[in-house]
Amino acid sequence: MEVHYRVRRPIRLEARFRVQGFTLLLGESGVGKTTLLKALAGLLPAEGTPYGGLPPEKRPIGYLPQDLALFPHMTAWENVAFPLHGKDAKAKALALLERVGLLDHAHKRPRALSGGQKQRVALARALARSPEVLLLDEPTSALDPLTKDQVLAELIALIRQEGLPALAVSHDPALAGMADWLVVLGRGRVLQEGPPDEVMAAPGSVEVARLLGYQNLFPARVVEGGVVVEGVFLRLPLPPWARPGRRAWLGVRAEEVIVVREDRPLPRKTCWRAS
Amino acid sequence: MPEPEFFLALRLSLLVASLSAVLLLLLGTPLAWALAFRDFPGKALLEAVFLLPLVLPPTVLGFYLLLFLGPEGPWTKLIGVSWAFRLEGLLFASVLFSLPFALTAYREAFLSLDRDLLEVARTLGVPRRKAYARVVFPLVWPGLLSGTLLAFAHTLGEFGVVLMVGGSIPGKTQMVSIYLYDLVQALRFAEAAKASSFLLLLSLLILVSVRLLEGRWRAWRSTTG
């Protein structure tokens with residue numbers, strides 16, 4: 001699915017990108033991630049495709065806001081049955097709850113559910129209106145930090161099982177590994193998109209590298225067989241564009257570095273002595 | 001027990017209070033919604049005008065209303081009959097006088113509504129009417145009801161405005177607060193004491209119901225998220 005949206009307020013933004021499978025839209029707080037989702041859902045004045053000009057109730061989308069917005073005065077199955085009508089609404093709602101593995105909690109109010117369970121009720125409710133695409137705003141924000149990766153992986157597995165494309169926005173680069181497609185949003189525009197491993201391996205700019213979690217970025221000079229950073233030569237496989245003499249940035253992710261005690265044997269990798 | 005005149009005056013007060021409470025609910029709800037969620041030029045001035053009866057001496061409001069509704073007033077010229085010293089005049093005055101109470105309570109009820117709930121309801125493909133009936137109304141009605149009860153109790157206790165607009169015609173415009181004032185003026189303290197204790201209990205009962213409603217409302221609100 002191709003998305004092209006232009007928003008003027010509250011943030012000026014023009015974004016054109018692809019949504020395929022579970023797509024993660026990564027960006028810092030304040031660049032307009034939530035604004036873009038709301039614009040897609042028809043909740044903000046915006047122009048673009050798909051669904052441009054339609055009121056929210058006519059757009060085939062499933063929107064899961066950051067706080068999930070389950071109706072507090074309804075039980076789980078009543079929440080799921082909300083978009084349904086007809087006599088078999090309850091049966092359909094219970095079937096949907098079973099699909100997300102929550103049949104046993106059908107009669108509980110949202111406050112009696114955990115963060116992950118609430119998320120699955122919200123998913124079931126969104127599925128009830130048969131959407132073409134799911135929109136998830138910061139899907140890990142309502143989750144317990146200890147279990148969020150696992151809960152999110154389960155949610156993504158459920159979404160894949162439904163065969164629905166989904167657009168999740170987040171500022172957390174740790175989610176990129178779980179996505180099928182990665183879009184990096186900068187101020188007012190899309191900076192880069194592609195399969196997560198490709199984007200991760202070759203960020204198009206320093207800004208993208210920072211957003212992707214490269215905490216250590218150094219200005220470097222390309223030399224034969226590597227780069228020189230602050231007088232230190234590093235032996236590295238070079239990308240094709242890196243000719244000797246060119247200036248470049250060297251990015252190191254924190255998890256790519258290990259610290260070894262001095263009295264232990266050195267690993268067979270690039271090593272520095274430091275204090 | 002208080003004497004029959006008391007119950008006549010009480011009946012009138014209850015009638016005026018209930019009718020103006022219903023009118024306030026009908027008028028105040030859309031108005032409070034607009035004040036809570038819409039932006040329009042002159043909004044601050046409009047809010048100030050609606051809140052004016054809170055700070056204005058009731059006799060000042062009553063005086064202007066008397067001029068407005070009296071035989072020479074613009075309202076009389078418009079509809080052809082004077083509402084001064086009649087039930088209609090009492091109602092008109094009571095609605096204006098209690099409007100700030102109802103409006104503030106209603107607006108509070110709307111403002112504490114989580115807007116995400118309404119937005120999500122709209123994305124779920126249901127008509128707007130259904131979203132309001134099944135999401136907004138169940139969450140705000142305790143707030144609306146407690147505001148209406150407060151306005152009702154406030155109308156029951158009004159004195160200056162209704163004295164100016166309605167006077168004190170027994171059985172016609174003599175509200176219970178004015179009846180009580182007349183008793184004291186006539187030095188009939190025993191009757192005044194009985195009537196007062198009756199009103200005290202009634203007001204207390206209303207306020208307890210308001211508190212209980214608010215408690216229930218809070219309990220519901222806390223379930224969000």
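Everything quoted here is computed from the prediction, not taken from an experiment. The chains referred to below are lettered A, B, ... by the order of the sequence lines, with proteins before strands, and numbering in each begins at 1.
The main-chain N or O of A:F82 is found under 3.5 Å from a side-chain atom of B:K130 such that the two form a donor-acceptor pair.
Contact annotation for A:A126: only backbone heavy atoms (N, CA, C, O) come within less than 4.5 Å of a heavy atom of chain B. Contacts between A:L84 and chain B at a heavy-atom distance below 4.5 Å involve the backbone alone (N, CA, C, O).
Remark: A:H73 NE2 to B:L139 CG distance equals 4.5 Å, nearest 0.5 Å. Remark: A:L37 CG to B:T123 OG1 distance equals 11.5 Å, nearest 0.5 Å.
The candidate from A:A69, A:P56, A:P60 with the greatest count of non-hydrogen atom pairs under 4.5 Å with chain B is A:P56.
Atom NE2 of A:H4 has more than 12 heavy atoms from other residues, nucleotides or ligands within 6.0 Å. Surrounding CZ of B:F63 are at most 12 heavy atoms belonging to other residues, nucleotides or ligands under 6.0 Å away. Atom CZ of B:F101 sits in a sparse spot, with 12 or fewer heavy atoms from other residues, nucleotides or ligands closer than 6.0 Å. For A:E162, the CD atom counts as densely surrounded, since its 6.0 Å shell holds more than 12 non-hydrogen atoms of other residues, nucleotides or ligands. Other residues, nucleotides and ligands place more than 12 heavy atoms under 6.0 Å from the CZ atom of A:R160. No more than 12 heavy atoms of other residues, nucleotides or ligands shown are found within 6.0 angstrom of OH on B:Y64.
The shortest non-hydrogen separation linking B:R134 to A:M74 is O-CE, 3.5 Å. Scanning both residues, B:L117 and A:P72, for their nearest heavy atoms gives CD1-CD, 3.8 Å.
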